[in-house]
Amino acid sequence: MAQSSKKAVDNEPQNWLDDHGDYLYNYAVSRVSSREAAEDLVQETLLAALKNYSSFDGKSNIRTWLTGILRHKIMDHYRQIYKSDKNKVDIESGNIDDFFDQGVNKGRWRPERAPKAWSEWPDKSINQKEFMKILGECLNDLPERIATVFRMSQLEDMDTKIICKDLKISATNYWVIMHRARSGLRRCLEMLWLDKS
Amino acid sequence: MFGNALVRQIISVMKIKMKFIKTFTDLVTPPCEDITRLISKSQDTELTLKEKWQVRIHIIGCKLCHRYQEQLQKMNSLLKKNRKISNKEDLEKKEGLSPEAYKKIKSKIDKNIS
């Protein structure tokens, strides 16, 4: 079968799922908000790879090539979430966070929602993996659009300008979204973490 | 006796001072809601000089916003650290696809290969 020596036997498409399926899934699941979404992304990736196999030059590792396709799929997924009408309400609906008093003390922290002291909280002692796990849980609790922008910016380390262009949002809007994300995450981390200690 | 009274005196003066500072910073800077927005924004872009000073003065008198700032910085540095750690090994170790998902995808691919 393999006329081109570059495309070794273990690169054969029928082996992709067995050899790289779990890896691709794990890569995807840490970047999206549900298992189902991650599974769909793996499937789309493998089907796209199948279609475009002829363009694989054999220079890079097949796994690297597949991961590259997956990354594109994840970005498309982010864009779709952001565009989707059902998620739109997230950002435009008034003060979803409710951290601040709206009455006499307008704009001040509401005592029960104010930041607590993180006395035991985490410097060198914190386990990085555990932090990322909790952060992941907290991200899934955020409104999806907000979580998506945060993922692109803080987990994928994408440039702000590119994100704004990609999602067609203004810089001001971007700051508002990031602020919402950080406030929500800070609160969630605090609750989950303080619960544990 | 005398020592105790003096200490109490000093503390009460300090309390008054703290209250004064708090009221002062409250009066001259925007409320916490706006300050937290600026604190977050400072992680995304450079603040204007005016904004920088608003934050600086506000957090002198506001423990809560000061906390907010410190905690966002902590979150940020933990995230940065995490980006540096290569997690390739991790991706190998985790559980992977569920048997059901594997089957579903497998049949889709087989259809497309033949």
Asker: Give, as side chain, backbone, both or neither, the part of D34(B) having an atom under 4.5 angstrom from any heavy atom of chain A.
Answerer: neither
Asker: Which pair of heavy atoms, one from P31(B) and one from G107(A), lies closest together, and at what distance?
Answerer: CB-O, 3.6 Å
Asker: Any side-chain donor-acceptor pair under 3.5 Å between Y102(B) and D18(A)?
Answerer: yes
Asker: Name the region of E70(B), side chain, backbone, both or neither, that has any atom closer than 4.5 Å to a heavy atom of chain A.
Answerer: neither
Asker: What's the spacing between I113(B) CD1 and Y53(A) OH if we round to 0.5 Å?
Answerer: 10.5 Å
Asker: Rounded to the nearest 0.5 Å, what separates atom CH2 in W109(A) from atom SG in C62(B)?
Answerer: 8.5 Å
Asker: From D101(A) CG over to E33(B) CD, what is the distance, rounded to the nearest 0.5 angstrom?
Answerer: 10.0 Å
Asker: Would one find more than 12 heavy atoms of other residues, nucleotides or ligands at under 6.0 Å from atom NZ of K108(B)?
Answerer: no
Asker: Between R35(A), E156(A), K106(A), which has the largest tally of heavy atom pairs under 4.5 Å with chain B?
Answerer: R35(A)
Asker: Could you name each residue pair satisfying disulfide bond (SG atoms under 2.5 Å apart) that touches residues 128-166 of chain A, not counting sequence neighbours?
Answerer: C138(A)-C188(A)
Asker: Can you measure from NZ (K74(B)) to CZ (F131(A)) and round to the nearest 0.5 angstrom?
Answerer: 11.5 Å
Asker: With only heavy atoms counted, which part of L72(B) is less than 4.5 Å from chain A, the side chain, the backbone, both or neither?
Answerer: side chain
Asker: So, the side chain of Q43(B) versus the backbone of H179(A): is there a donor-acceptor pair under 3.5 Å, distance only?
Answerer: no
Asker: Chain A heavy atoms under 4.5 Å from S77(B): which part of the residue, side chain, backbone, both or neither?
Answerer: neither
Asker: Could you tell me which of L47(A), L185(A), D157(A), L46(A) has the largest number of non-hydrogen atom pairs under 4.5 Å with chain B?
Answerer: D157(A)
Asker: At a heavy-atom separation under 4.5 Å, does L24(A) approach chain B through its side chain, its backbone, both, or neither?
Answerer: neither
Asker: Evaluate the side chain to side chain contact (heavy atoms under 4.5 Å, CB included) criterion for residues Q154(A) and M75(B): first the C-alpha distance (whole Å), next the side-chain angles of each, then the deciding distance (0.1 Å), finally the verdict.
Answerer: CA-CA 11 Å; Q154(A) 301 296 302; M75(B) 261 169 56; over 6 Å; no
Asker: Given M132(A) and L78(B), is the side chain to side chain contact (heavy atoms under 4.5 Å, CB included) satisfied, shown in steps?
Answerer: CA-CA 9 Å; M132(A) 288 313 288; L78(B) 282 166; over 6 Å; no
Asker: May I ask whether L49(B) and V28(B) are part of the same hydrophobic cluster, defined by side-chain heavy atoms of I, L, V, M, F, W, Y residues being less than 4.5 angstrom apart, directly or through others?
Answerer: yes
Asker: Which residues in residues 36-44 of chain A have any heavy atom lying under 4.5 Å from a heavy atom of chain B?
Answerer: E39(A), D40(A), V42(A), Q43(A)
Asker: What's the spacing between I109(B) CD1 and L17(A) CG if we round to 0.5 Å?
Answerer: 5.0 Å
Asker: Counting only non-hydrogen atoms closer than 4.5 Å, does R187(A) touch chain B with its backbone (N, CA, C, O), its side chain (CB onward), both, or neither?
Answerer: neither
Asker: Minimum heavy-atom separation for Q71(B) to P115(A), with atom names?
Answerer: OE1-CB, 3.7 Å
Asker: Do other residues, nucleotides or ligands put more than 12 heavy atoms under 6.0 Å from K103(B) NZ?
Answerer: no
Asker: Are a donor atom and an acceptor atom from the side chains of S98(B) and Y25(A) found within less than 3.5 Å of each other?
Answerer: no
Asker: Quick check for you: to the nearest 0.5 Å, what is the distance between E95(B) atom CD and N26(A) atom CG?
Answerer: 7.0 Å
Asker: Heavy-atom cut-off 4.5 Å, strictly under: side chain, backbone, both or neither for M178(A) against chain B?
Answerer: both
Asker: When you look at T36(B) and F100(A), which way does the side chain to side chain contact (heavy atoms under 4.5 Å, CB included) test go after all the steps?
Answerer: CA-CA 10 Å; T36(B) 51; F100(A) 302 97; 3.4 Å; yes
Asker: L135(A) vs L79(B), test: side chain to side chain contact (heavy atoms under 4.5 Å, CB included). Steps then yes/no.
Answerer: CA-CA 9 Å; L135(A) 186 91; L79(B) 274 167; 3.7 Å; yes
